[in-house]
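Below: one structure, written as structure tokens.
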Amino acid sequence: MLLYTTWPDAETAETFAAEAVAERLAACANILSGARSIYRWEGAVERAVETPVIFKTRTTCVERLTALILERHPYDTPAVVALPVAPGGSNPAYLAWVGTETLE
């Protein structure tokens, strides 16, 4: 599974990503360069620079990782989107590595 989130800045994203990997809820976290986001919030169109993070994890960790994100995230309604990985189009050795680096 891939879990996509956005964070208010790189420092906050990196702090959380390190925690998620240390707790074995993700094998890896890709912290991307700042993204310019335009969204509607509480009736107004807002603009912000955010830091996207993609967590590589297994299906059995998604609920716990999502719960930890929701608990620690500074936003009221953080973006958390789980995306399934198609084994047929993926590197089997990489998927095995994700499996060994995360909790069952």
Side-chain angles (χ1 to χ4, degrees):
M1 295 287 288
L2 299 177
L3 205 60
Y4 170 85
T5 66
T6 55
W7 296 79
D9 55 65
E11 183 179 341
T12 306
E14 187 169 338
T15 298
F16 181 83
E19 180 181 354
V21 172
E23 292 189 23
R24 300 182 66 107
L25 295 176
C28 175
N30 294 125
I31 301 169
L32 308 176
S33 294
R36 294 171 58 120
S37 299
I38 301 172
Y39 54 94
R40 182 174 297 281
W41 182 252
E42 296 181 346
V45 175
E46 302 287 341
R47 289 174 169 76
V49 175
E50 297 181 296
T51 301
V53 180
I54 302 169
F55 293 95
K56 283 86 172 258
T57 190
R58 62 168 67 207
T59 304
T60 56
C61 294
V62 168
E63 285 186 29
R64 287 167 50 190
L65 181 53
T66 297
L68 189 63
I69 291 168
L70 295 176
E71 177 185 315
R72 300 256 169 52
H73 205 288
Y75 292 170
D76 292 336
T77 309
V80 182
V81 180
L83 304 165
V85 172
S90 303
N91 177 353
Y94 184 79
L95 297 181
W97 173 78
V98 170
T100 61
E101 296 303 320
T102 52
L103 298 172
E104 289 191 36

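Worth saying up front: this structure is predicted, and the values here are computed from it rather than measured.
- Through chains of ILVMFWY side-chain contacts below 4.5 Å, Tyr39 is grouped with Trp41.
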Which side-chain N or O atoms in residues 81-101 pair as donor and acceptor under 3.5 Å with protein atoms at least two apart or in another chain?
| from | atom 1 | to | atom 2 | distance (Å) |
| --- | --- | --- | --- | --- |
| Ser90 | OG | Ala86 | O | 2.7 |
| Asn91 | OD1 | Ala93 | N | 2.9 |
| Tyr94 | OH | Lys56 | NZ | 3.3 |
| Thr100 | OG1 | Trp97 | O | 2.9 |

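- Atom CD of Glu46 sits in a crowded spot, with more than 12 heavy atoms from other residues, nucleotides or ligands closer than 6.0 Å.
- One distance of note links CZ of Arg64 with CD of Glu71; it measures 12.5 Å at 0.5 Å rounding.
- In terms of the side-chain hydrogen bond (donor to acceptor under 3.5 Å, both in side chains) criterion, residue partners of Tyr75 (sequence neighbours excluded) are, by chain and number, Glu50.
- Checked against side-chain hydrogen bond (donor to acceptor under 3.5 Å, both in side chains), Thr102 has the following partners two or more places apart in sequence or in another chain: Arg58.
- Every residue meeting the salt bridge (Lys or Arg N to Asp or Glu O under 4.0 Å) condition with Arg72, not counting sequence neighbours, appears here in chain and number order: Glu19.
- Summarising the geometry of Cys61 relative to Thr57, their closest heavy-atom pair is CB-OG1, 3.1 Å, with the distance given to 0.1 Å.
- A donor-acceptor contact shorter than 3.5 Å is absent between the side chain of His73 and the backbone of Ala79.
- The two residues Thr51 and Leu32 have their closest heavy-atom pair at CG2-O, 3.4 Å.
- In this structure, Pro52 and Ser33 approach most closely via the heavy-atom pair CD-O, 3.5 Å.
- By the 4.5 Å side-chain criterion applied to Ile, Leu, Val, Met, Phe, Trp and Tyr, Phe55 is assigned to a cluster that also includes Met1, Leu3, Trp7, Phe16, Leu25, Ile31, Val53, Val62, Leu65, Leu68, Ile69, Leu70, Val80, Leu103.
- Under the side chain to side chain contact (heavy atoms under 4.5 Å, CB included) criterion, Arg47 pairs with Ile38, Val45, not counting sequence neighbours.
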